[in-house]
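Read the structure below first, then the notes.
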Amino acid sequence: MHAAILLFPGTNRERDMARALEVAGAPAPVFVWHRETTLPAGLDLVILPGGFSYGDYLRSGAMAARSPILEAVRRFADQGGMVLGVCNGFQILTEAGLLPGALMRNRDLRFICRCVGLRVERTDTPFTTRYAAGAVLSVPVAHHDGNYTADDDTLARLEGEGRVAFRYCDAAGVVSDATNPNGSRGNIAGIVSENRRVLGMMPHPENLVEPALGGIDGRPLFESLLEALP
Amino acid sequence: MKAKVHITLKPGVHDPQGRAIGGALSHLGFTGITGVRQGKVIEIDLDETDRKRALEAVDGMCKALLANPVIETYAIELS
């Protein structure tokens with residue numbers, strides 16, 4: 001598996017992401033600066049890590065989504081390449097139009113930094129094959145703008161096509177308004193593209209990949225990637 | 001020429017910031033508020049003197065970056 005991790009001014013989770021790949025047994029990724037206009041040849045996976053690209057100015061992810069490297073990412077995705085965007089990476093993917101919807105200010109206006117319950121909704125994506133269907137994870141979130149929204153038609157399409165990968169839930173897997181940390185429609189924490197090869201999610205699986213970090217609930221995501229891209 | 005771009009949330013898009021502002025205004029004793037929506041204003045100085053061309057240019061900027069059509073609408077004011 002040949003992975004690239006993109007770097008924007010203000011990205012801060014790139015090393016966590018590299019560590020998660022290492023723990024899963026993947027080869028070391030390459031880091032690609034946002035001003036590049038092409039991706040390295042032979043790439044299997046592009047990762048947009050978390051952080052605060054451009055200080056979240058204008059809208060979270062808005063400026064990064066218009067940087068030169070995103071055109072290369074768009075071409076890569078159009079050709080069936082796999083893309084993972086976490087937190088700010090998810091915001092960038094929606095701003096770039098690679099995933100539908102938008103991530104707005106959290107419902108209670110607070111920055112949320114804690115572990116949340118996450119239910120695995122799909123195990124038929126290359127990001128989630130190593131999870132059990134309906135598995136309940138505890139994964140950290142750290143965001144101010146994680147309130148997923150989309151118009152009714154888009155939401156119906158996402159649900160109808162089974163493209164909601166993760167939902168916020170409680171420890172028992174119950175999805176309700178009370179278990180929704182940020183006001184996201186449908187408790188949506190992560191979605192995939194139509195071809196299921198682009199995943200955007202707000203929680204940080206890369207921060208829960210070894211016992212020293214408090215758990216390993218995030219590790220199967222990276223192991224799934226390795227399985228899909230041997 | 002100066003362009004003022006008013007960016008507002010589309011009707012129906014939940015606006016937690018607007019709601020918080022409304023709540024704070026009520027706490028301060030202001031009554032009769034039936035809704036608050038928060039947007040943003042972006043001022044752009046242009047060397048263009050033709051209104052039509054200026055409008056086209058700024059409209060292009062709104063579509064390319066300034067507004068997110070998923071959640072926002074915009075209005076352009078030239079002076």
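Every chain is numbered from 1 and lettered A, B, ... according to where its sequence line falls, protein lines coming before strand lines.
- In this structure, B/Leu9 and A/Met104 have side chains that are in contact, with non-hydrogen atoms separated by less than 4.5 Å.
- With a 4.5 angstrom heavy-atom cutoff, B/Ile71 touches chain A only via side-chain atoms.
- Of all heavy-atom pairs spanning B/Leu66 and A/Arg59, the tightest one is O-NH1, 2.8 Å.
- Proximity to chain B involves both the backbone and the side chain of A/Leu58, based on heavy atoms less than 4.5 angstrom apart.
- Within a 6.0 Å radius of CD in A/Glu161, other residues, nucleotides and ligands contribute more than 12 heavy atoms.
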**Request:** Check the pair A/Asp151 / B/Lys10 against side-chain contact (heavy atoms from CB on, under 4.5 Å), numbers first and verdict last.
**Result:** CA-CA 10 Å; A/Asp151 61 41; B/Lys10 280 182 176 173; 5.9 Å; no
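- The side-chain heavy atoms of A/Arg185 and B/His14, taken from C-beta on, include no pair separated by under 4.5 Å.
- Interface residue A/Asn106: only backbone heavy atoms are found under 4.5 Å from chain B.
- Open room surrounds CZ on A/Arg110; 12 or fewer heavy atoms of other groups in view lie less than 6.0 Å from it.
- No side-chain heavy atom of B/Val70 sits less than 4.5 Å from a side-chain heavy atom of A/Thr94.
- Atom OH of A/Tyr57 is surrounded by 12 or fewer heavy atoms from other residues, nucleotides or ligands within 6.0 Å.
- Side chain of A/Arg105 to backbone of B/Pro16: no donor-acceptor contact under 3.5 angstrom is found.
- Between A/Leu109 atom CG and B/Arg19 atom CZ the span is 8.0 Å, to the nearest 0.5 Å.
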